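Let me begin by presenting the structure, written as structure tokens, before commenting on it.
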Amino acid sequence: MLQQTTVTAVRSYYARFLARFPTITTLAAAPRDDVLALWAGLGYYSRARNLHACAQIVAARGGFPKSVGELRALPGIGEYTSRAVAAIAFNEPVVPVDGNVERVTARVFAIEEALPGARPAIARAAATLNTDPEAQARPSAFAQALFDLGATICTPRNPACGICPWQDGCAARKAGLAAELPRRAKRMAKPPRYGVCFVLRDQKGNFWLTRRPETGLLAGMTAFPGTPWRATRWTVEEAARHAPSTVDFELVGDVVHVFTHLTLHLSVYRGIINTFGQNSDGFACHPDNVMRQALPSVMRKCLRLAAPDLCKETEQ
DNA sequence: AATCCGGGGCC
DNA sequence: GGCCCAGGATT
């Protein structure tokens with residue numbers, strides 16, 4: 001959960017997740033959709049699918065692997081997480097390099113090359129950080145202390161160098177560069193994308209939902225039916241061809257949602273049909289169950305626009 | 001090496 | 001409105 005996600009954002013998801021899946025065995029045995037539903041809103045949904053697959057592998061082999069190499073082979077476990085688990089759970093003498101450790105290391109050694117190109121050099125330097133004999137006997141504590149140093153003192157902006165336990169050995173502080181490092185290559189602008197979605201309900205208040213494709217953005221998540229997302233705006237006539245019904249729809253507003261590499265402008269329409277027909281393009285969902293679906297944040301914004309009272313009742 | 005993959009907190 | 005977050009997989 002913590003991959004590219006702040007502790008603040010994760011905390012409540014983590015509590016709910018462990019309440020529902022207290023052991024590897026229960027997670028391994030759970031339906032994938034239950035896992036995705038509890039992940040909905042956290043983002044990077046491949047993490048949820050990988051974690052589920054991971055649980056099934058670990059459960060089948062009867063326990064966790066303990067070496068970095070074996071951990072690294074598990075789905076969703078990369079260079080960072082394999083070292084984090086090995087160091088923190090099994091006290092292996094390795095240094096996991098996350099965003100915090102990258103920053104601390106770039107500063108301690110005054111590495112001026114910009115990310116992401118500097119990553120290999122930073123990783124090599126990070127492996128030499130632990131020079132204290134007592135700390136070398138406690139790889140788990142050392143790793144977590146590094147995270148905490150980066151999170152509370154060696155922060156991205158306005159680092160608190162004056163109270164830093166490593167201030168005397170920090171090359172960036174000596175050079176007056178601490179706040180400038182690590183440098184980063186400039187990021188690409190997010191191009192706009194436009195789409196239309198339709199919130200269709202029947203007389204009983206049920207919703208008509210679809211499932212997104214298994215690949216691409218929001219893969220496998222629940223969504224309201226609508227147009228594809230493209231670089232140009234949609235006319236009403238164009239969009240109507242992607243509507244799930246020929247009933248009249250009314251525009252209720254626009255949702256703007258920023259993804260990693262694009263900004264989505266979604267026009268939300270609302271309509272009411274007598275009864276849903278049989279249609280493999282979607283499924284009906286009782287209002288009580290809508291918030292239990294794997295609805296990503298952008299779709300929750302659409303729901304809030306089209307059915308504000310429903311969202312207020314089930315607000316988390 | 002570059003791109004794709006979410007969402008939110010904070011400045 | 002941009003930056004960053006206990007990154008990983010794919011191409």
Side-chain angles (χ1 to χ4, degrees), chain A residues 1-14 36 39-51 53-54 71-89 94-106 113-120 122-123 126 140-152 154-159 179-193 212-223 229 255-264 266 294-301 316:
Chain A
M1 282 183 177
L2 288 164
Q3 290 169 351
Q4 286 292 283
T5 307
T6 56
V7 171
T8 305
V10 160
R11 185 172 283 116
S12 65
Y13 285 85
Y14 180 78
L36 280 180
W39 207 278
L42 252 189
Y44 287 147
Y45 299 101
S46 64
R47 294 181 298 176
R49 287 189 293 276
N50 284 332
L51 181 59
C54 226
L71 287 162
R72 178 71 179 76
L74 293 170
I77 307 295
E79 294 300 328
Y80 162 73
T81 308
S82 56
R83 284 179 170 76
V85 173
I88 294 171
V94 291
V95 178
V97 183
D98 71 334
N100 289 306
V101 179
E102 249 174 23
R103 184 171 56 254
V104 171
T105 305
E113 182 187 358
L115 292 172
R119 222 148 250 160
I122 290 177
S140 175
F142 186 78
Q144 295 186 68
L146 265 183
F147 299 156
D148 290 339
L149 182 65
T152 63
C154 196
T155 51
R157 286 173 301 247
N158 304 113
E180 314 283 328
L181 301 182
R183 304 189 197 284
R184 285 178 195 272
K186 292 202 172 170
R187 312 197 168 181
M188 297 297 293
K190 301 177 200 295
R193 289 290 183 272
R212 291 182 57 79
E214 291 300 315
T215 58
L217 200 52
L218 306 179
M221 302 297 284
T222 307
W229 302 341
V255 161
V256 179
H257 192 79
V258 180
F259 290 102
T260 310
H261 53 289
L262 62 90
T263 301
L264 179 65
L266 211 47
L295 268 190
S297 287
V298 62
M299 291 300 155
R300 293 189 184 221
K301 287 183 185 177
Q316 300 179 1

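Everything numeric here is computed off the predicted structure, so don't read it as measured data.
Looking at heavy-atom distances under 4.0 Å, A/F259 makes contact with sugar-phosphate atoms alone, never a base. Contact annotation for A/S297: backbone-only contact, meaning every heavy-atom pair under 4.0 Å involves sugar-phosphate atoms and none involves a base. Using a 4.0 Å heavy-atom criterion, one finds that A/R119 contacts no nucleic acid atom at all. The residue A/P296 sits close only to the backbone: its heavy atoms come under 4.0 Å of sugar-phosphate atoms, none of a base. Within the 4.0 angstrom heavy-atom criterion, base atoms lie near A/R187. Within the 4.0 angstrom heavy-atom criterion, only backbone atoms of the sugar-phosphate kind lie near A/R72; the bases stay farther away. The residue A/G41 sits close only to the backbone: its heavy atoms come under 4.0 Å of sugar-phosphate atoms, none of a base. Among the atoms of the strands shown, only primed sugar atoms or phosphate atoms (P, OP1, OP2) are found under 4.0 Å from some heavy atom of A/I77. Counting any heavy atom pair closer than 4.0 Å across all strands shown, A/G216 reaches sugar-phosphate atoms only and no base atom.
Distance OH (A/Y44) to P (C/dC5): 12 Å, rounded to an integer number of Å. To the nearest angstrom, P of B/dG6 lies 11 Å from CG of A/L36. We find that CZ of A/R212 is positioned 9 Å from P of B/dC5, with the value rounded to whole Å. Summarising the geometry, the separation between CD on A/E102 and P on C/dC3 is reported as 16 Å, rounded to the nearest angstrom. Atom CG of A/L74 and atom C1' of C/dA9 are 15 Å apart (whole Å). For the pair A/Y13 OH and B/dG6 P, the computed distance is 13 Å after rounding to whole Å. In this structure, A/L217 atom CG and B/dG6 atom P are separated by 5 Å, rounded to whole Å. Rounded to an integer number of Å, the gap from A/E79 CD to C/dG8 P is 8 Å.
Listed nucleotides: B/dG7, C/dA9, B/dC5. Nearest to the side chain of A/N50: C/dA9. The side chain of A/R103 lies closest to C/dC5, out of B/dC5, B/dC11, C/dC5.
For A/R47 (side chain) and A/G76 (main-chain N/O), no donor-acceptor pair under 3.5 Å exists by modelled atom type. Between the side chain of A/R193 and the backbone N or O of A/L262, no donor-acceptor pair lies under 3.5 Å. No donor-acceptor distance shorter than 3.5 angstrom exists from the side chain of A/E79 to the backbone of A/A123, with no hydrogens or angles considered.
Rounded to the nearest 0.5 angstrom, A/L36 CG and A/L42 CG are separated by 11.5 Å.
Residue order along DNA chain B, read from the 5' end via each residue's closest nucleotide, puts A/M188 first among A/A9 and A/M188. Nearest-nucleotide assignment on DNA chain C puts the 5′-proximal partner with A/I88, out of A/P75 and A/I88.
Contact check, A/T81 against C/dG8: a side-chain N or O comes under 4.0 Å of OP1 or OP2. For A/H261, a side-chain nitrogen or oxygen approaches OP1 or OP2 of B/dC5 to under 4.0 Å. Between A/Q4 and C/dC5, a side-chain N or O to OP1/OP2 separation shorter than 4.0 Å is absent. The side chain of A/R184 places an N or O atom within less than 4.0 Å of a non-bridging phosphate oxygen (OP1 or OP2) of C/dC4. For A/H257, a side-chain nitrogen or oxygen approaches OP1 or OP2 of B/dG7 to under 4.0 Å. Regarding contacts with the backbone of B/dG7, a side-chain N or O of A/Y45 is found under 4.0 angstrom from either OP1 or OP2.
Annotation: C/dG8 and B/dG8 have their P atoms spaced 22 Å apart (nearest Å). Across B/dG6 and C/dC3, the matching C1' atoms stand 15 Å from one another, rounded to whole Å.
You'll find the ring centres of A/F259 and A/H257 inside the 6.0 Å limit.
Counting only heavy atoms from C-beta outward, the side chains of A/L146 and A/V104 approach each other to under 4.5 Å.
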Test log, rule side-chain hydrogen bond (donor to acceptor under 3.5 Å, both in side chains), inputs A/R103 and A/N100: CA-CA 5 Å; A/R103 184 171 56 254; A/N100 289 306; 2.8 Å; yes
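Judged by atom type and distance alone, A/T260 reaches the base of B/dG6 through a side-chain donor-acceptor pair under 3.5 Å.
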